[in-house]
Engineer: 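Below: one structure in C-alpha cells.
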Amino acid sequence: MSEVRVRFAPSPTGALHIGGGHTALFNWLWARHNKGKFILRIEDTDLVRSTKEYESTIMSGMVWLGLDWDEGPDIGGNFGPYRQSERLEIYRDYAEKLVEAGKAYRDGEAIIFRVEPGQDISFKDIVYGQIDVMSDGLREKDSDKLKDIVIIKSDGMPTYNYAVVIDDHLMKISHVIRGEDHISNTPKQILIYRALGWEVPEFAHLPMILGRDKKKLSKRHGATSIYEYRDMGYMPDSMFNFLALLGWSAGDDKEIFTRDEAAELFELSRVTRKAAVFDFDKLNYINQEHLKALPPEVRLSMVKPFWIEAGLPVEEVESTRGVKYLEDALTLMAGRGRTAKEMAEFSDYFVSFEPVKERWNAEAVDREKLRPFFEMIFAHEAWKASELEEIARSWIGQHEGAKMKDYAMPLRFALTGMKVSPGIFEVAELMGREECRRRLEFFGLL
RNA sequence: GGUCCCAUCGUCCAGAGGCCUAGGACACAGCCCUUUCAAGGCUGCGACGCGGGUUCGAAUCCCGCUGGGACCGCCA
C-alpha cells in the first residue's frame with residue numbers, strides 16, 4: 001500500500017474551532033497510525049474573509065492541541081506551495097484545459113464546469129459506506145434545472161469544490177478525511193476528478209459535533225474556539241482525548257489515553273456515523289483525570305497561570321518557599337478540581353494568606369474553647385500530619401463531649417478559608433508550623 | 001422544494017443474527033469512609049423511535065413510517 005497522506009485544510013476566516021480541531025485531530029491520528037504524512041493546507045481563496053492573523057491563530061491552535069504537521073505553508077514540503085492563494089496559476093491552467101476540452105465554459109470573467117445529466121457519481125466512503133448519487137440530483141434550489149459548477153470565480157480565484165480536487169490530487173492525498181457536511185460536495189468533486197482523468201482518493205467523512213440542543217455547534221452554544229477552552233483551564237491532552245472520543249472508540253473500555261496511545265489504536269473503520277453532542281460533563285471528567293495523572297512540575301505549569309491571573313504572588317512564593325512547595329500543594333489537591341482554573345481557585349491559600357482573610361473572619365468561633373487545643377498542637381515536637389492527627393485524637397478522647405470536627409473545621413477555615421480542602425493536618429504539615437501559627441494568631445486562635 | 005446522511009440509557013461509546021433478561025463511561029440519586037468534599041469506595045436509576053417483513057432466532061439484515069441533520073453560494 002502506498003504512503004498515507006492526509007491533510008487538514010482550514011480556511012483562515014476564524015480561529016480554530018471545535019469542529020475544525022476534531023477534523024484536524026482525526027487526520028493526524030490516521031497519519032500517525034499509518035506512519036504517513038499529515039499536511040496542512042491553507043484554503044485562503046476567500047479574499048474578503050481570509051486573514052494572515054487567523055492563519056497563524058489556527059496553526060498555534062493546532063500546536064496547542066499537539067497536532068504537528070509534516071508539510072505546510074510554514075515548513076514547506078515537496079508538494080507546495082501550501083497556501084491556495086499561491087497556487088493560482090495551477091488552478092487556471094487546469095481550468096483552461098477543461099475549457100479546451102469542452103468540459104467547462106466561460107461566463108463573464110468566471111469559468112463554469114458543465115454538469116452532464118445521467119451520470120452515476122456514487123462513491124464509497126470508509127465511514128458511511130456506499131453513497132449513491134446521480135448527477136441529475138445536482139439541482140438548483142427550488143428548480144429542476146441542473147446546476148453547473150463554478151470553478152474559477154470572476155475575481156480569478158478558484159472555488160472550493162474545484163481547488164480541493166486539484167490540490168488533493170497534486171499533493172498526492174491518499175485519504176480525504178473531513179466533516180460530514182462535505183458528503184454532498186463529494187459527488188461534485190468526483191465529476192471534476194473524472195473530467196481531468198484523475199483517480200479519486202479514499203473518502204472518510206466524520207460525524208458532526210452538536211450542541212446540547214442537538215443543533216450544529218455554534219457560537220450560541222458558548223465557547224467554540226479551541227483557545228477558549230485553554231483559557232477556561234482545560235488542558236491540551238484532555239481536549240485531544242475528549243475530541244478523539246467524539247465519533248470514535250477503540251472498542252474497549254479505555255477512555256483516558258495519550259496521543260500516542262490513540263494513534264496506535266485508531267482505525268478509520270471504527271469511526272461512528274452518528275452526530276455527537278459536545279458534553280461538558282464528560283470533558284470535565286476527562287480533564288480531571290488528566291490533571292490527576294500529570295507529573296507535579298507539569299501540573300504546576302498548568303495551574304500557575306490561573307494563580308497569577310488571580311493576582312497571587314506565585315513568583316515570590318517560588319523563590320521564598322521553593323517550587324517544590326507549590327508542586328506538593330497541588331499533589332495534595334489530588335483530583336480536586338476539574339480544570340486547572342478550578343484547581344487554582346481551590347488551592348489559592350497555599351500561595352497566599354490574603355484570600356483566606358477575605359473569606360473568613362472567625363466571627364462565629366469560641367476562641368476560649370479552641371485555644372487550648374491549638375496550644376496543645378503547637379506544643380508538639382514534630383510537625384507531621386500523622387502525628388498531629390494522633391495527638392488531636394487523643395486530646396479529643398480526653399475531653400468529654402469534644403468532637404474532631406469542632407476543632408478540625410475551625411482549623412480548616414483558619415488555614416484555608418474554605419469549608420473543603422485536603423486532609424487539614426496534611427495541609428498544615430505542608431504549610432509549615434510557622435505559617436500555620438501566623439494564620440491562627442491572626443484570627444486570635446492562638 | 002430537491003439530493004444525501006443518521007437513529008442503542010439524558011450524554012459519549014460497546015454491540016458487526018444466537019455470547020444481550022443489551023455492556024462500559026459521564027451525569028444523576030442513595031449509601032459508606034471521614035476533620036470537610038471538590039478526594040476515595042459501593043449500590044441504584046436508565047436505552048435498542050414505531051410498524052411490517054426475512055430467519056428456528058434480530059439491537060444487529062430488508063422495506064415503510066416518524067423524528068433529527070447536512071448540502072443545494074462566483075463561502076469553505
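So you know, we letter chains A, B, ... as the sequences are listed, proteins then strands, and number each from 1. Below, each value reflects all heavy atoms present in this structure, side chains not excepted, and no hydrogens, waters or symmetry copies.
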Engineer: Looking across every strand, which nucleic acid part, if any, lies under 4.0 Å from A/T272 by heavy atom: base, sugar-phosphate, or nothing?
Structural biologist: sugar-phosphate
Engineer: Checking all strands, does A/E255 fall into the base, sugar-phosphate, or nothing category for heavy-atom contacts under 4.0 angstrom?
Structural biologist: base
Engineer: What nucleic acid atoms does A/P10 come within less than 4.0 Å of, heavy atoms only: base, sugar-phosphate, or nothing?
Structural biologist: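 Touches nothing.
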Engineer: Once you round it to whole Å, what is the distance between C1' of B/rA14 and CG of A/L245?
Structural biologist: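 Checked: the CG to C1' distance equals 12 Å.
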Engineer: Quick one: which of B/rA38, B/rA70, B/rA76 gets closest to the side chain of A/E180?
Structural biologist: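 For the A/E180 side chain, the nearest candidate turns out to be B/rA70.
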Engineer: Between A/F203 and A/F123 (judged by ring centroids, cut-off 6.0 Å), do the two rings come close enough to count as a pair?
Structural biologist: yes
Engineer: Output the single nucleotide from B/rA25, B/rG40, B/rU3 whose closest atom is nearest the side chain of A/K292.
Structural biologist: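 Per side-chain heavy atoms of A/K292, the pick is B/rG40.
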Engineer: Think A/K215 has a side-chain N or O under 4.0 angstrom from the OP1 or OP2 of B/rG69?
Structural biologist: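 Result: yes.
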Engineer: For A/R83 and B/rA76, what is the distance between atoms CZ and C1' respectively, to the nearest whole Å?
Structural biologist: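 Atom CZ in A/R83 sits about 17 Å away from atom C1' in B/rA76.
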Engineer: Check every strand shown and say whether A/M157 touches a base, only sugar-phosphate, or nothing at a heavy-atom separation below 4.0 Å.
Structural biologist: nothing
Engineer: Taking the side chain of A/K405 as its heavy atoms from C-beta onward, which of B/rU35, B/rA76, B/rU11 lies nearest to it?
Structural biologist: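 Ranking B/rU35, B/rA76, B/rU11 by closest atom to the A/K405 side chain puts B/rU35 first.
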Engineer: Would A/N185 and A/Y160 count as having a side-chain donor-acceptor pair, cut-off 3.5 Å?
Structural biologist: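 Note: A/N185 and A/Y160 side chains miss the donor-acceptor criterion.
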Engineer: Verify the neighbour count for atom CD of A/E267: are there more than 12 heavy atoms of other residues, nucleotides or ligands below 6.0 Å?
Structural biologist: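 Above 12, so yes.
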Engineer: Return no unless some side-chain N or O of A/K145 is found under 4.0 Å from OP1 or OP2 of B/rG2.
Structural biologist: no
Engineer: Could you tell me if the ring centre of A/F278 sits under 6.0 Å from that of A/F242?
Structural biologist: yes
Engineer: What integer number of Å spans the P atoms of B/rC62 and B/rG18?
Structural biologist: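 Straight-line distance between the two P atoms is 16 Å.
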Engineer: For B/rU8 versus B/rG46, give the span between their C1' atoms, rounded off to a whole number of Å.
Structural biologist: 12 Å
Engineer: Expressed as a whole number of Å, how far does the C1' atom of B/rU3 sit from that of B/rG44?
Structural biologist: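 Looking at atom C1' only, B/rU3 and B/rG44 are 47 Å apart.
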Engineer: Report which part of the nucleic acid A/G247 touches: base, sugar-phosphate, or nothing (heavy-atom distance under 4.0 Å, all strands).
Structural biologist: sugar-phosphate
Engineer: Check every strand shown and say whether A/F346 touches a base, only sugar-phosphate, or nothing at a heavy-atom separation below 4.0 Å.
Structural biologist: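 Since a base atom lies under 4.0 Å of A/F346, the category is base.
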Engineer: Would you mind reading off the distance between A/L330 atom CG and B/rA39 atom C1', rounded to a whole angstrom?
Structural biologist: 15 Å
Engineer: Would the A/W383 and A/F378 ring centres measure less than 6.0 Å apart?
Structural biologist: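 For A/W383 and A/F378, the ring centres are under 6.0 Å apart.
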Engineer: If you measure from the C1' atom in B/rC74 to the same atom in B/rC65, how many Å do you get, rounded?
Structural biologist: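 One C1' to the other, the span is 41 Å.
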Engineer: Taking the same atom, C1', in B/rU60 and in B/rC20, what whole-Å distance lies between them?
Structural biologist: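 Between the two C1' atoms, the distance is 11 Å.
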Engineer: Which pairs, protein N/O on one side and nucleotides 60-65 of chain B N/O on the other, fall under 3.5 Å?
Structural biologist:
none

Engineer: What is the nucleic acid contact for A/L411, judged by heavy atoms within less than 4.0 Å: base, sugar-phosphate only, or nothing?
Structural biologist: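 No contact.
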Engineer: Looking at A/K282, does any N or O in its side chain come under 4.0 Å of the phosphate oxygens OP1/OP2 on B/rG10?
Structural biologist: no
Engineer: From the set B/rC71, B/rG24, B/rC75, return the single nucleotide nearest to any side-chain atom of A/S184.
Structural biologist: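 Of B/rC71, B/rG24, B/rC75, B/rC71 is nearest to the side chain of A/S184.
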Engineer: Do you see a donor-acceptor pair shorter than 3.5 Å between the side chains of A/Y227 and A/S60?
Structural biologist: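 Distance-only check passes for A/Y227 and A/S60.
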Engineer: Do A/K403 and A/D406 meet the salt-bridge criterion of a basic N to acidic O distance under 4.0 Å?
Structural biologist: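 The answer is no: the pair does not qualify as a salt bridge.
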Engineer: Taking the six-membered ring for Trp and the full ring for Phe, Tyr or His, determine whether the centres of A/F38 and A/W30 are under 6.0 Å apart.
Structural biologist: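 Centroid separation for A/F38 and A/W30: 6.0 Å or greater.
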Engineer: For B/rA70, does either OP1 or OP2 sit under 4.0 Å from a side-chain N or O belonging to A/K274?
Structural biologist: no
Engineer: When the C1' atoms of B/rA27 and B/rC45 are compared, how many Å lie between them, rounded to an integer?
Structural biologist: 12 Å
Engineer: Rounded to whole Å, please give me the gap between CG in A/L217 and P in B/rG69.
Structural biologist: 14 Å
Engineer: Counting only heavy atoms not in A/K419, do more than 12 fall under 6.0 Å of its NZ?
Structural biologist: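 Check fails, neighbour count at 12 or below.
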Engineer: Of the options B/rU35, B/rA14, B/rC75, whose atoms approach the side-chain atoms of A/R49 most closely?
Structural biologist: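 So the nucleotide nearest the side chain must be B/rC75.
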Engineer: Using a heavy-atom cut-off of under 4.0 Å over every strand shown, decide if A/R412 touches base, sugar-phosphate, or nothing.
Structural biologist: base
Engineer: Please enumerate all protein N or O atoms sitting under 3.5 Å from an N or O of nucleotides 45-50 of chain B, with distances to 0.1 Å.
Structural biologist:
none

Engineer: Can you tell me which nucleotide in B/rA27, B/rC4, B/rC71 comes closest to the side chain of A/I183?
Structural biologist: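 Looking only at heavy atoms from C-beta outward on A/I183, the closest nucleotide is B/rC4.
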Engineer: Name the closest nucleotide to the A/R270 side chain, picking from B/rA38, B/rC4, B/rG15.
Structural biologist: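 Of all the options, the side chain of A/R270 is nearest to B/rG15.
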Engineer: When all nucleic acid strands are considered with a 4.0 Å heavy-atom cut-off, which category describes A/T159: base, sugar-phosphate, or nothing?
Structural biologist: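 Answer is sugar-phosphate: A/T159 comes under 4.0 Å of backbone atoms only.
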Engineer: Consider the side chain of A/S249, meaning its heavy atoms from C-beta on, and name the nucleotide among B/rC12, B/rC13, B/rU35 that approaches it most closely.
Structural biologist: B/rC13
Engineer: Is the phosphate of B/rC71 approached by A/K216 (side-chain N or O, under 4.0 Å from OP1 or OP2)?
Structural biologist: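 Looking at the OP1 and OP2 atoms of B/rC71, one of them is under 4.0 Å from a side-chain N or O of A/K216.
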Engineer: Rounding to an integer number of angstrom, what distance separates B/rG15 and B/rG67 when you compare their C1' atoms?
Structural biologist: 23 Å
Engineer: Nearest whole angstrom, please: distance from the P of B/rC4 to the OH of A/Y128.
Structural biologist: 16 Å
Engineer: Tell me if the centroids of the rings in A/F26 and A/W248 come within less than 6.0 Å of each other.
Structural biologist: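 That pair fails the under 6.0 Å test.
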Engineer: Answer with yes or no after comparing the ring centroid distance for A/W28 and A/F8 against a 6.0 Å cut-off, counting only values under it.
Structural biologist: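 No; A/F8 has its ring centre 6.0 Å or more from that of A/W28.
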Engineer: Hey, is the side chain of A/R336 poking within less than 4.0 Å of OP1 or OP2 on B/rU36, counting only N and O atoms?
Structural biologist: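 So the side chain of A/R336 is outside the cut-off, no N or O lying under 4.0 Å from OP1 or OP2 of B/rU36.
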Engineer: Base, sugar-phosphate, or nothing for A/K403, non-hydrogen atoms under 4.0 angstrom?
Structural biologist: nothing
Engineer: Nearest to the side chain of A/A276, heavy atoms from C-beta on, is which of B/rC12, B/rG2, B/rA14?
Structural biologist: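 The closest nucleotide is B/rC12.
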Engineer: For A/Q84, which contact category applies under a 4.0 Å heavy-atom criterion: base, sugar-phosphate, or nothing?
Structural biologist: nothing
Engineer: Side chain of A/I131, heavy atoms from C-beta onward: which of B/rC37, B/rC5, B/rU3 has the nearest atom to it?
Structural biologist: B/rC5
Engineer: Is A/H205 touching bases, backbone alone, or none of the nucleic acid, heavy atoms closer than 4.0 Å?
Structural biologist: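 A/H205: no heavy atom of the nucleic acid under 4.0 Å.
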Engineer: Identify whether any heavy atom of A/D132 sits under 4.0 Å from a base atom; if not, whether one sits that close to sugar-phosphate; answer base, sugar-phosphate or nothing.
Structural biologist: sugar-phosphate
Engineer: Quote, to the nearest angstrom, the C1' distance that separates B/rG24 from B/rA70.
Structural biologist: 31 Å
Engineer: Could you walk me through whether A/D167 and A/Y82 pass side chain to side chain donor-acceptor pair (under 3.5 Å), step by step?
Structural biologist: CA-CA 9 Å; A/D167 291 342; A/Y82 294 91; over 6 Å; no
